[in-house]
Amino acid sequence: MHDIRLLRDQLDLLREAMRRRGRLGELQPLLDRAEWLERERRAAITELEAEQARRNKVTQEVAQRRKAGEDAAALIAEGRAIGEQITGLEQRRNEAEAAVQAMLYELPNITLPEVPEGDESHNTVVKSWGTPRADGATLVPHWDLGAALGMLDLPRGAKVAGSGFIVYRNAGAKLVRALMNMMLDLHTAQHGYQEAWVPLVVNRASMTGTGQLPKFEEDMYAVPSDELFLIPTAEVPVTNLYRDEILDASDLPMGLCGYSACFRREAGSAGKDTRGLLRVHQFDKVELVRYSTPEDSRHQLELLTAHAEAVLERLDLPYRRVLLAAGDTGFSSAMTYDLEVFAPAVGKWLEVSSCSVFTDFQARRANIRFRAAPGEKPRFVHTLNGSALAFSRIIACLLEHHQQADGSVRIPDALQPYLGRVELR
RNA sequence: GGACAGGUGGCCGAGUGGUUGAAGGCACCGGUCUCGAAAACCGGCAUACCGGCAACGGUAUCGUGAGUUCGAAUCUCACCCUGUCCGCCA
């Protein structure tokens, strides 16, 4: 969410930000209306507070007369009339405020200057590591290989829950545990993250804090009877850990990592890259979250991204880092690097991580602040997060990239101790 | 799920419907004293918003939201959270 003051004195900044995302045409009317509503809101407040001040005077006068034993009937009548005025003005203020708020919730974050403008065709590969296999045509796709190895049971997943819900079995199930432990050990022991094990459902306030609500309610599984939502990523509970709190400057930068299952309805993407493990309704993920000062957040994005990349390097999977163009950058994000790994049999680069800095966009929504020094005013922190990593696509890439001529799969050295074997066959 | 008890400032804690933004204490900051420190004493110490170049003025905030009233931390209702006991249960 943006600072409401931008609507007053930096409207062109917002306008330019929307243009860079290629959404000005669509959002211009909303911006205009929001600007008008903000003026209306303040006008209502000014009038309302004048009436409230008047009422407070009358009220005190009543008290004094009562004490002196004088008659206060006229004043009480006046107070009643003012009260009616106030009720009307309050309603006017509330309506304007709710309307402005609703519009602010619809506006995406302002991207950093170095983010290329335009749509996804302007995404830029800024780094490559390793060599993708060129013999993909000769390889068995992960869904067939996984089934052949007894690791993946997609038909029964569909039976017990539905299409897109995966059953891992035998070495596949153990592989999930191995990946979880390997990643969490790396981030806690080498990268300085605290570990958190968090709820898989959150309330509406948390979903609003990180930006999933109110705009993306359709994308989430919900438990309406309890007003809870299944998390699409551990980003939501982990970032909201410090909602409505003031951190000490000495706490920053702070890193938290956590494993969670992630639930996504993927409404509207039926049939698109949905084979095997490419796009599923429930997957596992280790998430990194960082809190930093505003001055340091850009640097923190590089650190965070490097932490995610370290996992890929340990898994010996060739990847590339893509700087997303403004139009492809997520709603809450100011700058995002996607990490993509090549799945040779599928013949596609798969997004296995998305590392973002949200500037103060989430912190303002979630009201997460820090005090730079004792006595100073609290300021909003900057939040960051990134997957490190999403398991299902990693498993797909492991099965394809490390596939050997006889249909077995080599297990990367770093994973061997966790899985307890050197290959799958 | 049921029955009680409770939610007040950074923390503890008072608060008969009428200068209560809220006593008192602790913590914190500044000062006096001291070679220095402690103690003692003096003073300061919430947040957000509106108006104003500013000085400053105003409004709101006692878990949340509604209501009663000229006026609500205080009364009523609903909800949320915490604690204790009972029930149920992995």
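Residue numbers begin at 1 in each chain, while the letters A, B, ... track the order of the sequences.
Rounded to the nearest Å, the gap between the C1' atom of B:rC33 and that of B:rA40 is 9 Å. Nucleotides B:rA73 and B:rG21 are separated by 11 Å at their C1' atoms, to the nearest Å. A distance of about 8 Å separates the P atoms of B:rA72 and B:rU61, rounded to the whole Å. Comparing B:rA78 with B:rA23, their C1' atoms sit 32 Å apart, to the nearest whole Å. With both ends at atom C1', the span from B:rA14 to B:rC77 equals 27 Å, rounded to whole Å. When the P atom is used for both B:rU64 and B:rC81, the distance is 15 Å, rounded to whole Å. One P atom belongs to B:rC11, the other to B:rG67, and the distance between them is 30 Å to the nearest Å. Nucleotides B:rC56 and B:rC45 are separated by 13 Å at their P atoms, to the nearest Å.
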RNA chain B in dot-bracket, Watson-Crick or G-U pairs under 3.5 Å, [ ] crossing, | other strand?
((((((((.[[[..)..(.....]]].(((((.......))))).((((((....)))))).[[[[[..)....]]]]])))))))....
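Annotation: salt bridge (Lys or Arg N to Asp or Glu O under 4.0 Å) contacts of A:Arg314 (sequence neighbours excluded): none. Checked against salt bridge (Lys or Arg N to Asp or Glu O under 4.0 Å), A:Arg55 has no partners two or more places apart in sequence or in another chain. Evaluation of the salt bridge (Lys or Arg N to Asp or Glu O under 4.0 Å) rule for A:Glu84 yields no partner, not counting sequence neighbours.
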N/O donor-acceptor pairs under 3.5 Å from side chains in residues 414-425 of chain A, not counting sequence neighbours:
from, atom 1, to, atom 2, distance (Å)
A:Gln416, NE2, A:Ile411, O, 2.8
A:Gln416, NE2, A:Asp413, OD1, 3.4
A:Tyr418, OH, A:Asp185, OD2, 2.7
A:Arg421, NE, A:Glu423, O, 3.3
A:Glu423, OE1, A:Gln404, NE2, 3.3
A:Glu423, OE2, A:Arg425, NE, 2.6
A:Glu423, OE2, A:Arg425, NH2, 2.9
A:Arg425, NH1, A:Asp406, OD2, 3.2
A:Arg425, NH2, A:Asp406, OD2, 3.0

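With hydrogens and angles disregarded, no donor-acceptor distance shorter than 3.5 Å links the side chain of A:Glu61 to the backbone of A:Lys57.
Contact annotation: A:Arg39 side-chain N/O to B:rC50 OP1/OP2 distance is not under 4.0 Å.
Taking atom CG on A:Leu89 and atom P on B:rC50, their separation rounds to 17 Å, with Å as the unit. Note: CD1 (A:Ile246) to C1' (B:rG9) measures 12 Å, nearest angstrom. As rounded to whole Å, 14 Å separates atom P of B:rA48 from atom CG of A:Asp244. The CZ atom of A:Arg5 sits 12 Å away from the C1' atom of B:rC50 (whole-angstrom rounding).
Using a 4.0 Å cut-off between charged side-chain N and carboxylate O, A:Arg15 and A:Asp12 make no salt bridge.
Taking the nucleotide of RNA chain B with the nearest heavy atom to each of A:Arg369 and A:Arg41, the more 5' of the two is matched to A:Arg369.
Side-chain rings of A:His2 and A:Phe361 approach one another, their centers coming within less than 6.0 Å. Under the 6.0 Å cut-off for aromatic ring centres, A:Phe370 and A:Tyr291 do not qualify, their centroids lying 6.0 Å or more apart.
Rounding to the nearest 0.5 Å places CD of A:Glu90 at 6.0 Å from CD of A:Gln52.
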Given protein heavy atoms under 4.0 Å, the one-letter contact record of nucleotides 57-80 of chain B, with B base, S sugar-phosphate only and - none, is simply -BBS---------BS---------
